[in-house]
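Only one structure is covered here, and it is reproduced in the block below.
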Amino acid sequence: MSIPAVRGFHDALPEAARVLGRIERIAAQVLERHGFSEVRLPIVERTELFARSIGETTDIVEKEMYTFPDRDGTLLTLRPEGTAPLARAFVEHHLDQRDQVSRLYYVGPMFRHERPQKGRLRQFHQVGAELIGREDPLADAETLVCLVDVLEAVGVPEPRLLVGSLGDEACRPAYRDELRAFGEARSERLCGNCRRRLDKNPLRILDCKEEGCREATADAPALVDRLCAACGEHFAQVRALLDAQGIAWELDRRLVRGLDYYVRTTFEVTAAGLGAQGAIGAGGRYDGLLAQIGGPATSGIGFALGVERLRIALEAADPGLEQRLSAEASPTVFVMPIGAAAEVDALRIARRLRAEGVRVELGGGRSVKSQMRRADKLGAARVLLIGDEELAARRATLRDMREKADQRLAVDMDLEGAALVAAVGEAR
RNA sequence: GUGGGUGUAGCUCAGCUGGCAGAGCACCGGAUUGUGGCUCCGGGGGUCGAGGGUUCAAUCCCCUUCACUCACCCCA
């Protein structure tokens, strides 16, 4: 291989890109329907934005960021997630002055320097939606409903929605201390990793997949049982709203998120077929984030979906999806010039058909046989053949590729618009 | 960052205990001069991931390295 792509940075060739594009398009449609507007934000931000918002001690900031100095020495980072940049733009442009409530979404690449594996790339794409300016439970419920709507429209089979609450500054610190004490009391049963976590981020021991740790923490106190009155009430209302809508969700008593800015409601969606990476989307409430980066004391909640992971989930459940979408992209008409003299008319007719919305592939160059093979391979429904005979008569030969008999119908080469489409399309 | 698996044609892979590198599919051309699919015939294509070592001889054995992949960690 000459110059390979960078590790973890994948090319999406037409077949894959079609599926990815469809996912993004459908998601965007649903979000627009929910009142969200798209924003396009930079891929590069100052490193301090992520350090301050995501949290200095999170895995993302500690070891997963693509960080490099700009020419003047400013530390820049390829965005590892979308919420912090959006919050930055929100603050920078004083969007809170424009409207009490903002609903914004984005689609684009994110970068994390992790070891690649199934469903995990160093450059991947997310569709994210953020509802800023509302702190009432209805906003949480509405965001979750939106997430469910997107998943349904995209066609994710049997998603599992896990919802939990992380409490806030009023109740989490006390719980953290309690959990640390709980863990230290039985630290001999925890794995080395978890022992280390006890000090820095005790909540993580709940997330460990080690059998021993799971057993040791099975009866650990749960944050959802230690919420302060305000958080407890908020969560109860969110749950009630979800239930009233018949949304299928599961309480995750030990849901932990890898970003420090989350408070109260957090959630995660998983789907089958993703190997060890089950999550296709996640999100939560981040009431302190905007103030933390120098903005107004405005609350927000949002989610992000992993586009590549959605694709894996979709294709795991429907292996024929890629092929079907490719077939749909086949040209309807293959315009085939035979000889240089026919090229002018072939190109013109192709343009006329396309102007009417017909998918047209223009052939050319090679023998009739090889052009026919190509038309067949592309899945063209009809071939419009233009050679010397046709030029002389000003009538192109039309062949329906589904017919086996060698029938030949003539199409007036000087037709335009709907008449041309009718002549080509109605011939059988 | 750690561990396992795998690197042979564009793709999927075969190649027994070292002895000149193969198949299927794909691609290109032909089988009536301007008509596809099925069939038949032919063709182009390979530094056997890279570097080093052992050997008369290495795709095969040894070392190193790189890549891909799965898993851990963590996450979309």
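Numbers restart at 1 for each chain; the letters A, B, ... are given by sequence-line order, proteins then strands.
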Over how many whole Å does the gap from A:His113 atom NE2 to B:C75 atom P extend?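 The distance from NE2 of A:His113 to P of B:C75 comes to 17 Å, rounded to the nearest Å.
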query = Given atom OH of A:Tyr261 and atom P of B:C75, what is their separation to the nearest angstrom?
reply =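 Between P of B:C75 and OH of A:Tyr261: 12 Å.
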Salt bridge flag under 4.0 Å for residues A:Asp140 and A:Arg264: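 No, this pair does not count.
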Mark yes or no for a side-chain to base donor-acceptor pair under 3.5 Å between [X] and [N], with no hydrogen or angle criteria applied.
| X | N | result |
| --- | --- | --- |
| A:Gln117 | B:C73 | yes |
| A:Arg309 | B:C75 | yes |
| A:Glu390 | B:G34 | yes |

How far does the [atom1] atom of [N] sit from the matching atom of [M], given to the nearest Å?
| N | M | atom1 | value |
| --- | --- | --- | --- |
| B:A58 | B:G18 | C1' | 6 Å |
| B:C60 | B:C48 | P | 9 Å |
| B:C62 | B:A21 | C1' | 23 Å |
| B:G15 | B:A23 | C1' | 10 Å |
| B:A14 | B:U8 | C1' | 10 Å |

Just call it for [X]: base, sugar-phosphate, or nothing, with non-hydrogen atoms closer than 4.0 Å on any strand.
| X | result |
| --- | --- |
| A:Gln371 | nothing |
| A:His10 | sugar-phosphate |
| A:Ala375 | nothing |
| A:Ile280 | sugar-phosphate |
| A:Gly281 | sugar-phosphate |
| A:Ser370 | sugar-phosphate |
| A:Gly119 | base |
| A:Arg366 | sugar-phosphate |

Parallel, tilted or perpendicular: ring planes of A:Phe111 versus A:Tyr66, cut at 30 and 60 degrees:
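If you compare the ring of A:Phe111 with that of A:Tyr66, the planes turn out perpendicular.
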Tell which nucleotide pairs with [N], taking only Watson-Crick or G-U wobble pairs whose two distances are both under 3.5 angstrom.
| N | answer |
| --- | --- |
| B:U2 | B:A71 |
| B:G22 | B:C13 |
| B:A58 | none |
| B:G7 | B:C66 |
| B:C28 | B:G42 |

Which of the following nucleotides, [options], is nearest to the side chain of [X]?
| X | options | value |
| --- | --- | --- |
| A:Glu389 | B:G36, B:G34, B:U69 | B:G34 |
| A:Asp388 | B:A76, B:G3, B:G34 | B:G34 |
| A:Lys118 | B:G37, B:C72, B:C70 | B:C70 |
| A:Arg115 | B:U35, B:G1, B:A76 | B:G1 |
| A:Met372 | B:C73, B:C75, B:G36 | B:G36 |

Could you pick out which residue, A:Arg374 or A:Leu274, lies toward the 5' side of RNA chain B when each is mapped onto its nearest nucleotide?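 That would be A:Arg374.
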#### Entry: Toward the 5' end of RNA chain B, by each residue's nearest nucleotide, A:Ile60 or A:Lys377
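In this pair, the answer is A:Lys377.
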- Atom CZ of A:Arg351 with >12 non-hydrogen neighbours under 6.0 angstrom: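 For A:Arg351, atom CZ is not crowded (no more than 12 foreign heavy atoms under 6.0 Å).
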Counting only heavy atoms not in A:Glu152 (residues, nucleotides, ligands), do more than 12 fall under 6.0 Å from its CD?
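Open.
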Can a side-chain donor-acceptor contact be found between [Y] and [X] if the only test is distance below 3.5 angstrom?
| X | Y | value |
| --- | --- | --- |
| A:Tyr286 | A:Gln292 | no |
| A:Glu390 | A:Thr397 | yes |
| A:Gln123 | A:His10 | no |

**Prompt:** Phosphate oxygens OP1/OP2 of B:A76: is one of them under 4.0 Å from a side-chain N or O of A:Arg120?
**Reply:**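 No, outside the criterion.
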